[in-house]
Every structure is written in C-alpha cells, then in structure tokens.
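Note sheet for the following structure.
Just so you know, ligand 1 is whichever comes first in the structure, and atom 1 is the first atom listed for that ligand. Computed over heavy atoms, backbone and side chain alike; hydrogens, waters and symmetry mates excluded. Remember, it's a predicted structure, so these values are computed and weren't measured experimentally.
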Amino acid sequence: MSILVVGSVAYDTVKTPAGTREDALGGSATFFSVSGSYFAPVSVVAVVGEDFKDGDVELLKDHGVDVSGLDRRPGKTFRWSGVYGAEDVNTRDTLDTQLNVFADFAPELSPEQRKSPYLFLANIAPELQMSVLEQMDERPKLVALDSMALWIDISHEALERIVRKVDVLFLDETEVRTFTKRSNLVEAARAIMAMGPSTVVAKRGDHGVLLFHGDSIFSAPAFPLDRVIDPTGAGDSFAGGFMGYLAATGDLSAEGFKLAAMTGSVMGSFQVESFSLERTASLTNDEIEARFRALSDLTKFTPLEDNESLPFRGAAHA
Ligand code: AMP
C-alpha cells in the first residue's frame, strides 16, 4: 500500500569529519521517499524553488516516487546547513536555516493523496503537519510523525497537539526527554504514549533505536560501520525503511513493528555511508537484504531454555 509523505525537500550544506558538501540534495521528505521507495509506492508533498534541479526531480522519479505534489514556486529552495562533531559524529549543530519557499508553504493534497493508507509527517513545522492530517478523507491506517529540537523549543504546543493524533512518534532520545521534560527515557516514552501514540521510536544515533510499542520495549541495533561519512538524513531514511516495511506487509502486529525497526536500521546505515543520497539512491534489493541478514546475525544468540539457568557460582549448571 502507498505512503504519503509531507516534509522538506532541501539543499543542504554539511561539514563532517569526512569532508564538506555544499548545496547537496537533502530534506526530510527526500531521504524518506527514496528509502521507502524500495518497499512501497511513495507520494511526496513538498515545495521547492525555481533553483531546484531537474536532475533531482528525476532522481525521485527514477525511484518511482510520485512527484505530482512537489510544488515548484518562485524563489529559492529551502536551505539547511549543519556541522557534525569531530569527536562524536552523533552530535550536530545547525549553522543556518533558510526557509525560502517554505515560508509560505500551504500543502494541498490531491483527492488521491487524501486517501493514502499510510501517512508520514516528516520533519517540518507542526502546523503544516496538522494541516496535512486534517485534509485526509478518513483516518489513515497508520500515521507517523518525526520532529526536531527546533519545534520542541519554538512550537511546543502545536507539536503536542499533533503528537496526540498520531500512532508513531520518531524522535532522537534527547528530544524524547526534552519534549516530555523527563530525564528517564523509559518514563519519557511512556509519557508520550499516554498522550496518544501507541509506538515511540527513540533514535540513539549509532547506538540504534529503542522501540516502545504497547507494553513491550525492543532494541534494534545500528549496523556497525567502520566509516561514517555523513549522518544527515539517517533518521529520515530509518523512517522510510520502517514505514516502507509496514506499508508493504500491512503487518501492524508487535512483531511487524520489530521487523520494521530492523529494516529502518538497515536503511539508516546505508544513508550515513555517503553524502546526500549517493548511497541510498543507488542500492540494490540484494544489498539491502544482505545487510538485513547481517544485522539479524549481529543480535542472534541462543536464549536460555526453560530448564536451563546461567552458570552461577556454586550452583549445578545444566
Ligand atoms: P535528519 O538528519 O534525519 O535529522 O534530517 C536532516 C534533514 O532535515 C536535512 O536534509 C535538512 O534539510 C532537514 N531539515 C533541517 N532543519 C529543518 C527544518 N527546520 N525543517 C524541515 N527540514 C529541516
């Protein structure tokens, strides 16, 4: 089944310990769309400026992404610039954000988009996320939302209003804490679930994610890489794999969410291996599946049988 995503399509300037890229294709909706497109049809709603390159539209089209909702407006495309820590690549500072055509973006869904069974509200202003949700003909099967520190700081109330209406919330672990003003991650995730979402995905950079779903907690590792080039878009690519898996299988059981988290982790790991979409846009299904298997092997061990115990000192060990 198809996924509708609303979010940013951007040109990013990033500086990482591996180098610098200027005006590279990025944006929350872009990373999500390409990642999700390996599993399910994706339709994107976003705005770009006159400077948006035809080749970048083609890249989306080449992945079967429906770009009929990509609105081209007079002005410049959204620009974002960030720098990653030399010591810890999980830390990043935003250097500059230029809204440009995003400043008066009013997303309008087509009749077909209003029927999408899966909706991903990628990182943009919470008011815009709400306006998209309100345009849906009926409540989608699954609504997921991603946000960031900026909106927690400047639009807390609007963010809270939309969080109450979604099923899945993706946030970095520090954002989970600041959004709920709770320092304990488990307590913070439960506080979010008490607001409405049945699932909270706390992203922990190269430590993977914690998936809170109903009463259960599942830990999906990040795939260990010997070289991280650029973490930009890892969260969105994770969400693309996660939602793509769910939309492709329709499996919204606890097990389905675990496999979605593992698929997300696989897609996030490819994203950080290059700048922009170089790696994520040129994957094969075989590569994705091989990494999924490798990630599964990473966490495989023989669990204790009911009649077994740990080899405690002084106790007979079966
Ligand atoms: P991620 O690394 O997954 O958090 O996503 C990074 C992407 O978010 C970049 O490509 C940026 O263009 C985009 N981004 C950064 N700030 C904003 C913002 N305020 N609104 C929308 N998108 C943003």
Side-chain angles (χ1 to χ4, degrees), residues 5-16 21-36 44-49 52 56 59-60 76-85 89-103 105 107 120-129 132 144-155 158-159 162 169-176 201-206 209 222 228-243 264-265 267-281:
V5 54
V6 58
S8 58
V9 172
Y11 283 133
D12 293 340
T13 295
V14 293
K15 189 167 187 277
T16 81
R21 274 289 189 291
E22 281 182 29
D23 285 341
L25 178 62
S28 54
T30 316
F31 295 120
F32 176 90
S33 299
V34 176
S35 168
V44 63
V45 173
V47 63
V48 294
F52 197 67
D56 292 335
L59 183 143
L60 292 168
K76 282 177 77 178
T77 299
F78 176 79
R79 293 284 195 292
W80 174 80
S81 160
V83 57
Y84 291 84
V89 89
N90 285 326
T91 62
R92 112 175 144 198
D93 286 321
T94 290
L95 298 178
D96 190 26
T97 302
Q98 293 171 23
L99 289 179
N100 300 328
V101 289
F102 245 107
F105 177 47
F120 183 61
L121 304 166
N123 174 30
I124 43 164
E127 293 83 356
L128 293 181
Q129 294 174 318
V132 167
L145 178 139
D146 187 30
S147 194
M148 69 190 299
L150 172 73
W151 310 117
I152 296 173
D153 290 347
I154 69 168
S155 301
L159 183 58
I162 182 79
L169 179 65
F170 296 91
L171 281 182
D172 287 346
E173 61 173 329
T174 48
E175 294 164 355
V176 172
V201 180
K203 298 177 283 181
R204 309 173 69 221
D206 62 3
V209 306
V228 170
I229 302 295
D230 176 11
T232 308
D236 308 305
S237 300
F238 176 95
F242 187 98
M243 293 293 283
S265 187
M267 297 312 289
S269 76
F270 286 121
Q271 179 53 37
V272 306
E273 285 186 314
S274 74
F275 285 102
S276 188
L277 284 119
E278 285 157 30
R279 185 88 168 106
T280 299

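- Close approach of ligand 1 to Ala10 is summarised as follows: ligand atoms under 4.0 Å from at least one heavy atom of the residue are 12 (O).
- Rounded to the nearest 0.5 angstrom, Tyr11 OH and Asp56 CG are separated by 4.0 Å.
- Looking at atom 15 (C) of ligand 1, its nearest protein heavy atom turns out to be Trp80 CD1, 3.3 Å.
- Close approach of ligand 1 to Met148 is summarised as follows: ligand atoms under 4.0 Å from at least one heavy atom of the residue are 16 (N), 17 (C), 18 (C), 19 (N).
- Taking a 4.0 Å cut-off on heavy atoms, Phe238 fails to register as neighbouring ligand 1.
- Shown in contact with Thr232 at under 4.0 Å from a heavy atom are these atoms of ligand 1, numbered in order with element: 2 (O), 6 (C), 9 (C), 10 (O).
- Of all heavy-atom pairs between Val83 and Leu95, the closest is CG1-CD2, 3.7 Å.
- Of the candidates Asp146, Leu150, Asn123, it is Leu150 that places a heavy atom closest to atom 19 (N) of ligand 1.
- To the nearest 0.5 Å, atoms CD (Gln98) and OG1 (Thr13) are separated by 9.0 Å.
- Residue Gly27 places at least one N or O, backbone or side chain, under 3.5 Å from an N or O of ligand 1.
- In terms of protein heavy-atom proximity, atom 5 (O) of ligand 1 is closest to Asp236 OD2, 2.9 Å.
- Not a single donor-acceptor pair under 3.5 Å links the side chain of Ser237 to the backbone N or O of Met267.
- The residue Phe32 has no part lying near ligand 1, judged by heavy-atom distances below 4.0 Å.
- Atom OG of Ser276 is separated from atom CG of Leu25 by 5.0 Å, given to the nearest 0.5 angstrom.
- Each of the following atoms of ligand 1 lies closer than 4.0 Å to a heavy atom of Phe31: 10 (O).
- Contact annotation: for Asp12 versus ligand 1, heavy atoms closer than 4.0 Å belong to the side chain alone.
- For atom 22 (N) of ligand 1, the closest non-hydrogen atom on the protein side is Ser8 OG, 2.8 Å.
- One option in Phe78, Tyr84, Tyr11 has a heavy atom closer to atom 23 (C) of ligand 1 than any other, and that option is Phe78.
- The side chain of Arg92, and not its backbone, has at least one atom closer than 4.0 Å to an atom of ligand 1 (non-hydrogen atoms only; side chain from C-beta on).
- Ranking protein heavy atoms by distance to atom 8 (O) of ligand 1, first place goes to Ser28 N, 4.2 Å.
- Looking at Asp172 and Arg92, no side-chain N of the basic residue comes within less than 4.0 Å of a carboxylate O on the acidic one, giving no salt bridge.
- Checked options Thr232, Asp93, Thr91; the residue passing with Tyr84 is Thr232 (criterion: side chain to side chain donor-acceptor pair (under 3.5 Å)).
- Put simply, OG on Ser35 and CG on Asp236 are 9.0 Å apart, with the number rounded to the nearest 0.5 Å.
- Here Phe170 and Phe120 bring their ring centres to under 6.0 angstrom of each other.
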